[in-house]
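Below is one structure, written out as structure tokens; the observations come after it.
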2 protein chains.
Amino acid sequence: MTAKGSATRQRIVEAAAAHIREHGVAATRLDDVGLRSRTGKSQLFHYFPGGKEDLLVAVAEYEAQRVLDDQQPYLGALDTWEAWHAWRDAVVDRYRQQGEHCPLGVLLTEVGRQSPASREITRGLLREWQEQLRRGVAGMQAGGAIRPAIDADRAAAAGVAGIQGGVVILMATGDITHLESALDLFLDHLHGRPQP
Amino acid sequence: MTAKGSATRQRIVEAAAAHIREHGVAATRLDDVGLRSRTGKSQLFHYFPGGKEDLLVAVAEYEAQRVLDDQQPYLGALDTWEAWHAWRDAVVDRYRQQGEHCPLGVLLTEVGRQSPASREITRGLLREWQEQLRRGVAGMQAGGAIRPAIDADRAAAAGVAGIQGGVVILMATGDITHLESALDLFLDHLHGRPQP
């Protein structure tokens, strides 16, 4: 794909993502995406031969990438407690700003469950996210900062679950306390706090 | 309402809930519910004057109550470690059986976000659930089994978030590991395990 082609494709995906965030998948038609991205029908089908279904998969990829990007540079370098706490604050701030229009929410309740292909993207995001947390825990264990008896992979899975649950509750109720509490319990557990 | 009236209303709500679980809210019409519950249109509107919107609120109430009932008798009596672990196993078993058709999933991604009234029901469920966990933690603290420095209310909020996230991941991927890991990390943290 040429640079120009790839920019056009990206413009279409971003327009579709924005429309879905505002109106939901069911209420998003190709015509809406065409209007919003100033793209004609033949161009839409050039980039997405399968139409809406293809486009939804591309939106799922886009939102999944944003979920990870939003947590960088912290998530990729969880090698000190300062980095862990900066990551925690970045996650809370990001979701506080984005509310129910966050990429993760859109993925979980809209585009991520539409087809086997988009479910596979959701699965891939979860794997990658969990793996980056696991690496952080394992690295801290190697440095002696986290108890070796903690199972890094299962702790990482629990961390991802707590964030997802906090975000879903935020979307359903507008209350961010559960997200904060889940992150704090996760970090307290890694820290081994409170001391008995 | 007479006993017979109340049984009819319940039959309608259960039919609507079953149809929504199988087909989603968007694809559920009053006609489907009428057919499934063997109820005529005039009867449907007798019990639910506002039509589909009223019925969705009743389904949200029904599913929210099931979420709590599914965790009993354990959730209401978390006064020993045995009770906590029996509760943990009951939650995992229940969601393993129900998969993506579990009441909590239906509430979070379908009926619980449809209207201000159903969002209020979701909020009420979360409050009640968190309160029962909080009481369990506080009781164990009073008996000396859980460290007093743990904030019972925030721990309960984190526990609820972890379960919700685990269920959402189960719905999106079919994998129950995140739910199990979230519950295990929550219980390990309450236990103060692993020891340093």
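Note on naming: letters A, B, ... go to the chains in the order of the sequence lines (proteins, then strands), and numbering restarts at 1 for each one.
Options B/Ala157, B/Ala161, B/Gly165, B/Pro148 differ in how many heavy-atom pairs under 4.5 Å they form with chain A, and the most are formed by B/Ala161. Counting heavy-atom pairs closer than 4.5 Å to chain A, the top residue among B/Thr122, B/Ile169, B/Leu126 is B/Ile169. In terms of heavy-atom pairs under 4.5 Å with chain A, the best-connected choice from B/Gly192, B/Ala182, B/Ala156 is B/Ala182. Of the listed residues (B/Ile150, B/Thr177, B/Val168), the greatest number of heavy-atom pairs within a distance under 4.5 Å of chain A belongs to B/Val168.
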Handout entry: Full working for salt bridge (Lys or Arg N to Asp or Glu O under 4.0 Å) between A/Asp69 and A/Arg66
Key = CA-CA 5 Å; A/Asp69 289 349; A/Arg66 283 180 66 206; over 6 Å; no

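In this structure, the portions of B/Glu180 lying under 4.5 Å from any heavy atom of chain A include both its backbone and its side chain. Interface remark: B/Ala155 contributes backbone and side-chain atoms alike to the contact with chain A (heavy atom separation under 4.5 Å). Of the atoms belonging to B/Asp184, it is side-chain heavy atoms, and not backbone ones, that fall under 4.5 Å from chain A.
For the 3.5 Å distance criterion, the side chains of A/Glu128 and A/Gln132 qualify, holding a donor opposite an acceptor. A side-chain donor-acceptor contact under 3.5 Å links A/His178 and B/Gln130. Judged by distance alone, the side chains of B/Glu61 and B/Gln65 never bring a donor and an acceptor atom under 3.5 Å apart.
Cluster membership check: A/Val57 does not share its hydrophobic cluster with A/Ile20, using side-chain heavy-atom separations under 4.5 Å among Ile, Leu, Val, Met, Phe, Trp and Tyr.
For the pairing with A/Gln98, the side chain to side chain contact (heavy atoms under 4.5 Å, CB included) check across A/Asp70, A/Leu170, A/Leu104, A/Asp93 returns one residue only, A/Asp70.
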